[in-house]
Amino acid sequence: MGIPNILGGFMDKELIQEINYEISILIDSGFYYNDEILEIIEEQFIDEDIPLDILNNMILDRYNENISKQKDWEEKTDFDRLRECFNQINKEKIIAIHNAGYTIDEGVHDAFEVFHHLKSKNMSPEGFCFYNFQDIEVAINYNLLNIAFGDFTDNEEKSLDIGKKITNIFKINSFSVKWNEDINTRIEINPFKWEKSFDNQEYEMEGAFNSYLKNYK
């Protein structure tokens with residue numbers, strides 16, 4: 001039997017599966033607290049007239065499952081190591097953004113936004129790297145993480161150098177990296193087990209901005 005909706009009918013089984021999947025990805029990403037997830041799901045399924053208490057219960061159930069799984073995580077997860085890599089990447093005058101938009105284009109836009117804000121602080125970043133929310137979904141489902149990168153002057157030689165610096169830092173931190181040294185190909189960390197809990201830290205553009213200010217000396 002489906003879940004009753006506000007009109008007295010029942011939610012379609014496929015709809016329930018779709019909502020549960022979206023909730024799971026948002027919770028497993030570790031970037032959103034429950035109220036944010038509720039807003040995202042409510043907006044995404046606005047035409048379905050789903051009562052908020054039902055959505056809240058679905059989110060809470062999935063959240064509790066996630067908390068239970070965390071007991072089996074390693075003390076230092078791949079995400080912890082990735083965050084350390086991003087801090088080291090900053091020291092190479094490269095902006096590094098966690099969860100940069102939903103697509104590559106949005107991530108590049110975010111990188112340029114951070115670049116302009118840093119320029120106003122008399123900083124001169126030479127390049128950027130990021131992964132977006134689609135990449136997180138792939139990491140959760142397939143245990144690999146793609147990292148986009150580039151420079152701010154459309155200079156192929158500089159972009160190649162940035163890609164090499166990023167790849168080297170990942171390798172130094174014991175990640176297995178696949179990259180053919182083509183500036184039009186993203187760097188793939190494989191395997192990458194996505195295990196991140198919500199931690200109230202700054203990420204995305206604001207986090208990248210502050211991280212760069214802190215780490216580039």
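- Distance alone, capped at 3.5 Å, is enough to place a donor-acceptor pair between the Asn173 side chain and the Ile169 backbone.
- With hydrophobic clusters built from ILVMFWY side chains whose heavy atoms lie under 4.5 angstrom apart, Trp73 does not share a cluster with Phe79.
- Contact check for Ser176 versus Ile189: no side-chain heavy atoms found under the 4.5 Å cut-off.
- A cation-pi arrangement is absent between Lys91 and Tyr216 under the rule of less than 6.0 angstrom and at most 45 degrees off the ring axis.
- Put simply, the side chain of Lys196 gets close to the backbone of Gly30: a donor and an acceptor are under 3.5 Å apart.
- Glu74 and Thr77 make their closest contact through O-CG2, 3.7 Å (heavy atoms, listed as atom of the first residue, atom of the second, distance).
- In this structure, a donor-acceptor pair under 3.5 Å is absent between the side chains of Gln134 and Asn146.
- The stretch residues 117-139 participates, sequence neighbours left out, in these salt bridge (Lys or Arg N to Asp or Glu O under 4.0 Å) pairs: Lys93-Glu126, Asp135-Arg186.
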> Does the pair Phe198 and Phe31 meet the rule for a ring-ring contact (aromatic ring centres under 6.0 Å, His included), with working shown?
Replying inline: CA-CA 6 Å; Phe198 183 74; Phe31 286 110; 8.9 Å; no

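- The environment of Tyr142 atom OH is sparse: at most 12 non-hydrogen atoms of other residues, nucleotides or ligands sit within 6.0 angstrom.
- Ring geometry, Tyr131 versus Phe86: the interplanar angle falls from 30° to 60°, so the pair is classed tilted.
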> Step by step, would you call Phe128 with Phe115 a ring-ring contact (aromatic ring centres under 6.0 Å, His included)?
Replying inline: CA-CA 9 Å; Phe128 61 85; Phe115 171 73; 9.4 Å; no

>> Using the rule given for side-chain hydrogen bond (donor to acceptor under 3.5 Å, both in side chains), can you reason through Thr153 versus Asp151, listing the C-alpha separation, both sets of side-chain angles and the distance that settles it, and then say yes or no?
In response: CA-CA 6 Å; Thr153 59; Asp151 77 300; 2.5 Å; yes

>> Evaluate Phe112 against Phe152 for ring-ring contact (aromatic ring centres under 6.0 Å, His included), listing each step before the verdict.
In response: CA-CA 8 Å; Phe112 273 85; Phe152 296 107; 5.0 Å; yes

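- Side-chain N or O atoms of Asp78 include one that pairs as donor or acceptor with a backbone N or O of Lys193 at under 3.5 Å.
- In this structure, the side chains of Asn132 and Asp110 stay at 4.5 Å or more apart for every pair of heavy atoms.
- Between the CD1 atom of Ile162 and the OG1 atom of Thr167 there is a distance of 11.5 Å, given to the nearest 0.5 Å.
- Cluster annotation: Ile27 and Ile16 are assigned to the same hydrophobic cluster (Ile/Leu/Val/Met/Phe/Trp/Tyr, side-chain heavy-atom contacts under 4.5 Å, transitive).
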Atom pairs and distances, donor-acceptor, side-chain atoms in residues 36-47, under 3.5 Å, two or more places apart:
unit_1: Glu36; atom_1: OE1; unit_2: Tyr33; atom_2: N; d: 3.1

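- Side-chain N or O atoms of Asn57 include none that pairs as donor or acceptor with a backbone N or O of Ile54 at under 3.5 Å.
- Going from atom CD1 of Ile89 over to atom CD of Glu84 covers 12.0 Å, rounded to the nearest 0.5 Å.
- Panel note: side chain Trp194, backbone Ser29; a donor-acceptor pair is recorded below 3.5 Å.
- Within 6.0 Å of atom CG in Asp154, 12 or fewer heavy atoms from other residues, nucleotides or ligands are found, so the atom counts as exposed in its surroundings.
- Judged purely by distance below 3.5 Å, without hydrogens or angles, the side chains of Asn190 and Glu188 pair a donor atom with an acceptor atom.
- Residues His98 and Leu82 meet the side-chain proximity criterion, which asks for heavy atoms closer than 4.5 Å.
- Surrounding CD of Glu202 are more than 12 heavy atoms belonging to other residues, nucleotides or ligands, all under 6.0 Å away.
- Ile166 CD1 to Cys129 SG: the interatomic distance, rounded to the nearest 0.5 Å, is 4.0 Å.
- Panel note: side chain Glu18, backbone Glu14; no donor-acceptor pair is recorded below 3.5 Å.
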May I have the list of side-chain donor-acceptor pairs in residues 58-68 shorter than 3.5 Å, sequence neighbours left out?
unit_1: Arg62; atom_1: NE; unit_2: Ser24; atom_2: OG; d: 2.8
unit_1: Arg62; atom_1: NH2; unit_2: Asp28; atom_2: OD1; d: 3.0
unit_1: Arg62; atom_1: NH2; unit_2: Asp28; atom_2: OD2; d: 2.9
unit_1: Asn64; atom_1: ND2; unit_2: Leu60; atom_2: O; d: 3.3
unit_1: Asn66; atom_1: OD1; unit_2: Gln70; atom_2: NE2; d: 2.7
unit_1: Asn66; atom_1: ND2; unit_2: Asp28; atom_2: OD1; d: 2.8

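- What you find for Ile95 and Ala208 is that their closest heavy atoms are CG2-CB, 4.2 Å.
- For the pair Lys158 and Asp161, the salt-bridge criterion is not met [side-chain N within less than 4.0 Å of a carboxylate O].
- Taking all atoms of both residues into account, the shortest heavy-atom contact from Ile140 to Asn143 is O-OD1, 4.5 Å.
- Between Leu55 atom CG and Asn34 atom CG the span is 12.0 Å, to the nearest 0.5 Å.
- Of the possible polar contacts, none joining the Ser159 side chain to the Ile183 backbone as a donor-acceptor pair under 3.5 Å is found.
- The main-chain N or O of Thr185 is found under 3.5 Å from a side-chain atom of Trp179 such that the two form a donor-acceptor pair.
- Neither Val138 nor Ile187 shares a network with the other; the hydrophobic side chains, linked directly or stepwise wherever heavy atoms of I, L, V, M, F, W or Y lie under 4.5 Å apart, form separate groups for each.
- No hydrogens or angles considered: nothing links the side chains of Asp199 and Ser197 as a donor-acceptor pair under 3.5 Å.
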> So Ile94 and Tyr212, side chain to side chain contact (heavy atoms under 4.5 Å, CB included) or not? Walk me through it.
Replying inline: CA-CA 8 Å; Ile94 301 169; Tyr212 190 95; 5.8 Å; no

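- Taking CD1 of Ile19 as the reference point, atom CG of Asp12 lies at 10.0 Å (rounded to 0.5 Å).
- The structure places CZ of Phe130 at 9.5 Å from CD of Glu106, a figure rounded to the nearest 0.5 Å.
- Around CD of Gln17, the count of heavy atoms belonging to other residues, nucleotides or ligands within 6.0 Å exceeds 12.
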